[in-house]
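Proteins come first, then strands; the chains are lettered A, B, ... in the order of their sequence lines, and each starts at number 1.
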Amino acid sequence: MPKALLTIESLVKNYGGGAVLNGIDLTVYEGEVLVILGPSGCGKSTLLRCINALEPIQAGTISLNGEPIRRDSKDLPRLRQKVGMVFQSYELFPHLSVLDNITLSPRKAQRRPRQEAEAEALALLDRVGLKDRAGDYPRQLSGGQKQRVAIVRALIMHPEVLLFDEVTAALDPEMVREVLDVILDLARQGRTMLIVTHEMQFARAVADRVVLLDEGRIVEEAPPEEFFDHPKTERAQRFLNTLTFETVKKKAKNQ
Amino acid sequence: MDQSVLREYLPLFRESAWLTLRLGTMGILLALVIGILCAAVRYFRVPVLRGIAAAYVEVSRNTPLLVQLFFLYYGLPKLGVRTDPAVCGVAGLAFLGGGYMAEALRSGMEAVEPIQMESALSLGLTPVQAIRYVLLPQAVSVSTPALVANVIFLLKETSVFSAVSLMDLMFTAKDLIGLYYATTESLFLLVVFYLLILLPVSALGSLLERRLRYAGSGT
């Protein structure tokens, strides 16, 4: 039995009167890649933001290794260091060079010496093919490069779990690949990851388990092959149908 | 223009320019401190204090400095607070400038997307570290042109100091005109000295703006 790393119990998040997340129970095990799918507005991104305590929650608990993640916790910065997050819009710091973007948090939050942090940053940049861009500013990079830097910036904190919030949604198609390859490489290393994405092929390739979220609830949970080939629920079938254009053509031909 | 008169007045103007610069600098530094506090209180929506800060900004920006100085100079003694003219001048300038500085800084802070702060927090930085290393550098960069404009504006506003018997540049010029009718020479020196103070400030400001404009935009 693998060890439970992240545990979410009965999570409720309300926003402006309505419930965005309506009783989520979810456990992420060590070394597991969990992909969260769902139509827009289903609460996927909100769920990731709650895990990082960026959103106040109304009920339920979120804990990492048994330690509760709460917005009022004095320990929150230390817990957040263990939860790496990568945003759709990259959110690099525009006033800092690539190298400083990456080393800011290890130096300030973890009090690691500059030399050591920079050495690790350069090694990680090398892994994602961006070592020669260390001195550049974010504005000089393409979207795909920015996102790879953002991933490195999360990795250098040695997080126990990584959260990816639609990290390729803002990218031009030809840049999606370079970012997804980095994430696939992380999966091969056995990293624990929670991935929100709209890239179905990628989801199928990377996921150990797929969760479908709709109207703030988990409606289906299955291994990727099962989920994509034999979805159990009607909701999952409908969701997958909206993504394939093939079905529409077949219907037209039969008529 | 009588050159001997110019030479005779020069030391007087130099002395009063020094006073203008000294009080002006103190007032502006205080205004910056007030501005930072008010901007922070309003940006982070601190209950109660944000209302006070908002009211202060409106009062300070919508009343003339002359009125503020009269209030301090003639009003406070009536309330039993003794004030000397220099303290009045600095306090008045700080009161006026604080409102302007607060708004310049606040607009800079609000120009930084909130998700930048979230990104910093998600990396495990404490809120104070996130403000110091991520929010403020970007906010100051956006605010710099407005802050520089405020500094120049406040230095010019010191010309009202003469109204509370401070011997600033304006006071000296008016005094000499009144005493010796040396109108042309006095006004000439007045303009020259204001320019001597303000042109370097202006140039320094442009330099600062260029140094701090790191990116334009693009996260």
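Proximity to chain B (any heavy atom under 4.5 Å) is restricted, for A:R49, to the side chain, taken from C-beta onward. Both the backbone and the side chain of B:A120 come within less than 4.5 Å of a heavy atom of chain A.
A distance-only check finds a donor-acceptor pair linking the side chain of A:H95 to the backbone of B:Y133 [under 3.5 Å]. Of the possible donor and acceptor atoms, one in the side chain of B:S119 sits under 3.5 Å from a partner among the backbone N and O of A:E91.
Qualifying side-chain hydrogen bond (donor to acceptor under 3.5 Å, both in side chains) partners for B:R42, counting only residues two or more places apart in sequence or in other chains: B:E103.
Considering only heavy atoms from C-beta on, A:P77 stays 4.5 Å or farther from B:L125 through its side chain. With a 4.5 Å cut-off on side-chain heavy atoms, B:V134 and A:L104 count as touching.
Around CZ of B:F71, the count of heavy atoms belonging to other residues, nucleotides or ligands within 6.0 Å does not exceed 12. No more than 12 heavy-atom neighbours from other residues, nucleotides or ligands sit within 6.0 angstrom of OH on A:Y15. When the shell of 6.0 Å around CZ of A:R127 is examined, it contains 12 or fewer heavy atoms from other residues, nucleotides or ligands. Around atom CZ of B:F188, no more than 12 heavy atoms belonging to other residues, nucleotides or ligands sit under 6.0 Å away. By the 6.0 Å contact criterion, CZ on A:R177 is open, its count of non-hydrogen atoms from other residues, nucleotides or ligands being 12 or less. Counted within 6.0 Å of CD on A:E174, heavy atoms from surrounding residues, nucleotides or ligands total more than 12; the atom is thus considered enclosed. More than 12 heavy atoms of other residues, nucleotides or ligands lie within 6.0 Å of NZ in B:K174, so this atom counts as buried by the packing criterion.
Considering all non-hydrogen atoms of both residues, B:G124 and A:A109 come closest at O-CB, 3.4 Å. Between B:L123 and A:A154 the shortest heavy-atom distance is CD2-CA, 4.3 Å. Of all heavy-atom pairs between B:S122 and A:N52, the closest is CB-ND2, 3.4 Å. Counting all heavy atoms, side chain and backbone alike, B:Q138 lies closest to A:P94 at OE1-CG, 3.3 Å. Counting all heavy atoms, side chain and backbone alike, B:Q116 lies closest to A:L92 at NE2-O, 2.8 Å.
Taking CZ from A:R78 and OG1 from B:T126, the interatomic distance works out to 14.5 Å, rounded to the nearest 0.5 Å. Interatomic distance, CD of B:E118 versus CZ of A:R80, reported as 8.5 Å (0.5 Å rounding).
The side-chain hydrogen bond (donor to acceptor under 3.5 Å, both in side chains) analysis of residues 72-96 of chain B, with sequence neighbours excluded, yields the pairs B:Y73-B:S165.
Your options are A:M85, A:Q81, A:K108, and the one with the most heavy-atom pairs under 4.5 Å with chain B is A:K108.
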